[in-house]
Amino acid sequence: MFGPLGGVVSDLDGVVYRGEEPIPASVEAFLRWRRLGVPYAFVTNNSTLSPDSFARKLSRFGVEATPEQVFSSLAATVALMKQRWPRGARVFAIGEAPLLAAIEEAGFALTPTEPDIVTLGYDGALTYEKLRRAVRGALAGAAVIATNPDPLTPTHDGYDPCVGVLVAAICAAAPNARPIVVGKPEPLMIEQALAWLGTPRAQTIMIGDQIATDILAGQRAGLRSILLAGDSPLNAGAAARPDGIVASLLDLFAQPRGRT
Ligand SMILES: [Mg+2]
């Protein structure tokens, strides 16, 4: 349905799988691309797993991938923190173990009080106490950095609140906070994926299930952006328009029509 395809940049949650359940047509599509020699890379706003863990999860679902093929908001966030703050800066982070470990490995000091930086990532064990510490840090003037802006994340049985909800909470409580939000729709991870793929932008597509993050990021990076249509409650009111919409990634293998 599109011109010659050189490479694929794809979102993970909601495209390749939902939570712990693979999406079979998508798995089949990546198998075909692999057979056809079309290189692919993944860009995810999910900050709960390391690239190794994402690669293992993909392999478990039947999609061959190496850690080098996965670009995550976890790595992008920690890289940005390293660029802007010195080693030893004090960080209060809401997030799961891999994010906290990466922050410490980068030379920052995790602290419950008086942080220089408040880092917000997805945390399935979020508590009022964590939110309170983040708000206190923001009120005291700490920089606020969030792994991604998504208000919702898809799971096998619906949608769960995501990091955008935390960002909104901090902004409500500390109106002077100016959060730096990493992840899509910022095109940084798409650029990283393109550099890894080495394919021309005009022949590379971005696939995602969220218009406000995936599609916008792809378009900002100059890629044709394909929406995998689903039940996302957020897409109806989104401002950007995908370049193509498919119900299944296998639709991308359909023969072009109307041209001879
Ligand atoms: Mg998604």
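Start at 1 and go down the list; that is how both ligands and their atoms are numbered.
- Using a 4.5 Å heavy-atom threshold, the side chains of V135 and I170 count as touching.
- For the side chain to side chain contact (heavy atoms under 4.5 Å, CB included) criterion with N148, the lone passing option out of T213, T153, N45 is N45.
- By the 4.5 Å side-chain criterion applied to Ile, Leu, Val, Met, Phe, Trp and Tyr, V181 is assigned to no cluster and stands alone.
- Summarising the hydrophobic clusters (Ile, Leu, Val, Met, Phe, Trp, Tyr; side-chain heavy atoms under 4.5 Å, direct or chained), the residues clustered with L216 are none.
- Pairs engaging residues 75-100 under the side chain to side chain donor-acceptor pair (under 3.5 Å) rule: R90-T111 [sequence neighbours left out].
- Excluding waters, the protein N/O/S atoms found under 2.8 Å from the Mg ion (ligand 1) are D11 OD2, D13 O, D209 OD1.
- When atom types are taken as modelled, the side chain of D209 and the backbone of V15 share no donor-acceptor pair closer than 3.5 angstrom.
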